[in-house]
Every structure is written in structure tokens, then in C-alpha cells.
Participant: 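One structure, pasted below without further comment.
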Amino acid sequence: MRHAAHVSCACVVGAGVTGAAVARELALRGWEVTLAEQYAPGTVRSASGGDTRLLRTGHGDAEWYAASAHRARTLWLELQETTGTRIWEGVGLAWLAQRANGFEAASRPVLERLGIPHEWLTPDDARDLFPSLAVDDLDAVLYEPQAGILHARRATQLLVEDGERAGVRRSAGRVIPLDDPAGDVVVWACGAWLPLLFPEQVAVEVSRRDVFFLGGDHSWSGAPGFVDYDGGFYGHGDIEGLGVKIAPDAPSDIVDPDRLDRVPSPYWEGIARNYAARRFPALASAPVVGARVCQYDLSADTHFIADRHPENDRWWLIGGGSGHSFKHGPALAEYVADCIEGARERETFHALGERTGRAGLRTGER
Ligand SMILES: Cc1cc2nc3c(=O)[nH]c(=O)nc-3n(C[C@H](O)[C@H](O)[C@H](O)COP(=O)(O)OP(=O)(O)OC[C@H]3O[C@@H](n4cnc5c(N)ncnc54)[C@H](O)[C@@H]3O)c2cc1C
């Protein structure tokens, strides 16, 4: 067991992927950890409670995120291996590039520098990746053979269980700043609830997203993930019979994560169906076999938040997942634990407060 530097007792608030991973990481480093959750780990009200989440390493020129996703992949696979619980589908991922000089092209040199396998395919060559794929509007396809899909809710719960094996104690109920929880360090990893708890410090917009699963035939089983960055859609082939995921990623309603009725909207269903019919013609008449409604906690520039509270230096605020933080879970936890222990400097792009600029780290920013 590794040892904590100076402090030994932490309270982590929120058992989404971020809080669960940080609690486990600190416990593995020898800390005494309590993990508090207001609903249940992996609740479908949390962003981490979805069925599946993509893990891709391409992040344009944002190397910190590419390296983090790459590291996280290793850690997720180790967790799967040591627990014997399937959380990973290594199906690869195709970036459907509409421009020669877009996000995908900017990702290439970073992947090369980091030694992450990738292929730059002609649209015609990329047809073979899916049972059906329209390529008329594509310039190229960036294929990441080692990318894949995480079973998100299951993986979140597995982090909690594995954390408990490392000594994490669980606590049920909502914790608020006025409670001033005990601990040398308090980590607030509250996802979409973070701006409600810290309105002065956390500039994050909580915005609805509807995700659909279409019933394709057997040939969609094992098809890769895809990201249509400029088009604002992403998804994956059929996994464990869930159906083919089609997720529109465009601005949507501001919501309250406690009060949101999670009933899929016919408007977004129409958008998803139209996209599927155009991009994957074989799905044109496929039925909707599942849907989820969840929320993003969007920072203005899509960079995460990982910083110390300006007035209480025992408190760390971690969030702003901005629709792309799931994959990073265990690697982000290493980074946060290093920052807490003083072994690593906090990156300025994770700072609290207002943000300017659009980094576009996720589909749908354009
Ligand atoms: C539809 C959708 C698709 C996405 N797709 C991807 C993807 O493909 N790849 C990817 O990497 N990421 C993706 N994301 C983003 C990713 O899922 C989130 O960024 C990530 O799950 C956020 O995790 P979190 O732990 O920070 O927050 P959450 O998962 O929201 O967890 C926060 C937890 O804290 C608890 N909590 C909050 N306040 C309190 C309190 N006061 N007391 C006690 N408990 C509290 C909540 O109940 C909740 O369980 C997607 C998100 C959505 C919504």
C-alpha cells in the first residue's frame, strides 16, 4: 500500500465516476476515506449512470486529455482484469471527418507523439467498419483501433465496490457545504449538482441530453463507436443487445438534475432517427428499442474543473465533466490525488471561475 503524504482522512461527496474513482484512489494510497452519495452509486440521475460511454483518445491538440484517456484505458482494463467484471468493449472508434483540417486532423500529431495506434482511412475504406455507412460528405476517417466502449453504470458501481475493498466507507445522504464534513480533505465531486452547491465558484451550465438506441440486425453487434464531430452526433454499434446508440449532441434545455422528468423527447428522437437514416442507411426503418435522458455539466470551454476552493483550502471541487469526462475516471483520480498530495501542480485550464474561449473538446461544439 502506498502512503499519504501529510493528511490521512478524506470525505468524498458524490459517487459518480469521479467521486468513486477519487475515493478508491485515495484509499489505495492509504487514506481513510468516506464516500457520501445522495441517491445510489450509478443512479440514472447521474451522468455516470448511463448504459455506455465512449473511450476515445483523440482530443484535437489537447494533449493532456489524450494522455489522460490513454492512461485511463489501461486503468479500466486493469480494473476489469482484477475484478473479473466486464466493463469494456474493445470495438474501436471511427472519427467521421467532414473536413481535411478539422478536429480529427488536429488529433493525429498528438496520437503520433503519444504512440497511440490510429489509422487515417479514405471514406471508401471506412465503409467496411460498419454494416452500412454513408460517406458522401466525409473527407476521411480517423480510426482508433484501441478505443472502445465502457459499460458506464456498471463501471461506476465497480469502482465503488473495489474502493470498499480498499477500505472506503460508504455514507448515504445529501451533504452540503454548511455540514462542513469532517476530514483533512473534502472532495466535492458532485457532477451537475456542483454549481448548485457552489454557485459563486462553479461556472457550469446543466443541460439536457437525449440518447437513443435503435434496433439493428445482428450485423451491428461489435460495430465500432463513432464520432461525427462536425455533425454533432456520436454513438456505437449494438452492445449486449442494447441497440445501436445514436446520440445527438447539440444545445438543449437547461435543467434541474433532481427534477428532470427523464422521458425521451419526440423532437430529439426525430433528430436521432433522421441522422441514423442518413449516416447508416440500413437503420432507416429500425425501431427505437431504448432511450435515456440525462444531463451534461458544461463548462464554457469544455475543460474539466479540478481546483481548491478559494476560501477553504481543505476543499477540492472536481467536476465540469462537459459531456466527456467518464472515460478519464481513474486517470483523473490519479491526477486529483497527486494534486491533493502536492505531488503535481494543478493545470490552470482546470481552474474555478469564469472561463473564456471554446476548446471544443467534445462533439457538438461547432
Ligand atoms: C448523455 C451523455 C453521454 C455522455 N457520453 C460520454 C462519453 O461517451 N464518453 C465520456 O467520456 N463521457 C461522456 N459523458 C460525460 C460523462 O458521463 C460525465 O462527464 C461523467 O459521468 C461525470 O461524472 P461525475 O462523477 O463528475 O458526475 P455524476 O456522474 O453526475 O455524479 C455525481 C454524483 O454526485 C452525487 N451528488 C451530487 N451532489 C451530492 C451531494 N450534495 N451529496 C451527496 N451526493 C451528491 C449525485 O447523486 C451523483 O451520483 C456523457 C454524459 C451524458 C449525460
Side-chain angles (χ1 to χ4, degrees), residues 11-23 34-57 59 65 68-69 72-73 76 93 147-150 152-153 155-157 159-160 170-179 181 186-198 204 206-212 225-227 234-236 245 247-249 252 255 257-258 260 262 264 268 291-299 302 304-306 317-329 331-333 336 361-364:
C11 174
V12 179
V13 184
V17 68
T18 309
V22 169
T34 303
L35 174 62
E37 168 57 45
Q38 62 186 352
Y39 293 120
T43 167
V44 292
R45 286 177 167 172
S46 70
S48 306
D51 301 283
T52 57
R53 295 289 181 254
L54 308 185
L55 188 154
R56 40 89 184 187
T57 51
H59 282 80
Y65 289 87
S68 169
R73 179 183 180 279
W76 284 120
L93 183 138
I149 313 298
L150 288 153
R153 189 165 49 252
T156 302
Q157 291 164 347
L159 282 171
V160 173
R170 297 265 307 280
S171 153
R174 182 167 287 188
V175 181
I176 59 171
L178 272 178
D179 296 331
V186 182
V187 178
W188 301 90
C190 301
W193 291 263
L194 199 62
L196 303 172
L197 298 173
F198 299 100
V204 153
V206 176
S207 158
R208 168 185 180 128
R209 289 297 183 282
D210 292 49
V211 171
F212 296 90
F226 70 91
V227 180
Y234 64 92
H236 56 66
K245 182 171 179 173
D249 199 359
S252 185
V255 294
D258 289 313
L260 175 61
R262 289 161 198 268
W268 288 112
R292 289 242 168 243
V293 179
C294 202
Q295 69 281 324
Y296 281 172
D297 51 339
L298 286 165
S299 69
T302 62
F304 306 151
I305 293 168
L317 276 50
I318 317 294
S322 302
H324 69 107
S325 77
F326 192 92
K327 64 182 78 59
H328 297 276
L332 184 62
V336 168
L361 290 168
R362 194 199 78 254
T363 317

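As the structure lists them, so they are numbered: ligands from 1, and atoms in each ligand from 1.
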Participant: Using 30° and 60° as the class limits, which term best fits the ring planes of His324 and Tyr65: parallel, tilted or perpendicular?
Facilitator: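 Rings of His324 and Tyr65: tilted, as their planes differ by 30° to 60°.
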Participant: Can you list the residues that meet the side chain to side chain contact (heavy atoms under 4.5 Å, CB included) rule with Ile176, with sequence neighbours excluded?
Facilitator: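 Side chain to side chain contact (heavy atoms under 4.5 Å, CB included) check on Ile176 returns Arg174, Leu178, Asp179, Leu197.
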Participant: Apply side chain to side chain contact (heavy atoms under 4.5 Å, CB included) to Ala20 and list each qualifying residue two or more places apart in sequence or on a separate chain.
Facilitator: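 Scan of Ala20 (side chain to side chain contact (heavy atoms under 4.5 Å, CB included), adjacent residues dropped) gives Leu159, Val160.
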Participant: List the steps, then state whether side chain to side chain donor-acceptor pair (under 3.5 Å) holds for Gln295 with Arg262.
Facilitator: CA-CA 10 Å; Gln295 69 281 324; Arg262 289 161 198 268; 2.9 Å; yes
Participant: Check the orientation of Trp76 and Phe326. Use parallel for under 30°, tilted for 30 to 60°, and perpendicular for over 60°.
Facilitator: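 Geometry flag for Phe326 against Trp76: parallel rings.
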Participant: Identify the protein atoms, limited to N or O, that lie within less than 3.5 Å of an N or O atom of ligand 1, and list each pair with its distance to 0.1 Å.
Facilitator:
from	atom 1	to	atom 2	distance (Å)
ligand 1	8 (O)	Leu54	N	2.8
ligand 1	9 (N)	Leu54	O	3.0
ligand 1	11 (O)	His324	O	3.2
ligand 1	11 (O)	Phe326	N	3.1
ligand 1	11 (O)	Lys327	N	2.9
ligand 1	11 (O)	Lys327	NZ	2.8
ligand 1	12 (N)	Phe326	N	3.2
ligand 1	14 (N)	Gly323	O	3.3
ligand 1	17 (O)	Ala47	O	3.2
ligand 1	17 (O)	Arg53	NE	3.0
ligand 1	19 (O)	Ser325	N	3.4
ligand 1	19 (O)	Ser325	OG	2.6
ligand 1	21 (O)	Ser48	N	3.3
ligand 1	21 (O)	Ser48	OG	2.8
ligand 1	23 (O)	Ser48	OG	3.1
ligand 1	25 (O)	Val17	N	3.2
ligand 1	25 (O)	Thr18	N	3.0
ligand 1	25 (O)	Thr18	OG1	3.2
ligand 1	26 (O)	Thr18	OG1	2.9
ligand 1	29 (O)	Ala47	N	3.3
ligand 1	29 (O)	Ser48	N	2.8
ligand 1	29 (O)	Ser48	OG	2.5
ligand 1	30 (O)	Ala47	N	3.2
ligand 1	36 (N)	Gln38	NE2	3.4
ligand 1	41 (N)	Val175	O	2.7
ligand 1	42 (N)	Val175	N	3.0
ligand 1	44 (N)	Gln38	N	3.1
ligand 1	47 (O)	Glu37	OE2	2.6
ligand 1	47 (O)	Gln38	NE2	2.9
ligand 1	49 (O)	Glu37	OE1	2.7
ligand 1	49 (O)	Glu37	OE2	3.1

Participant: Under the side-chain hydrogen bond (donor to acceptor under 3.5 Å, both in side chains) rule, collect the residues that match up with Glu37, sequence neighbours excluded.
Facilitator: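 Testing Glu37 for side-chain hydrogen bond (donor to acceptor under 3.5 Å, both in side chains), a comparison that skips the adjacent residues, returns none.
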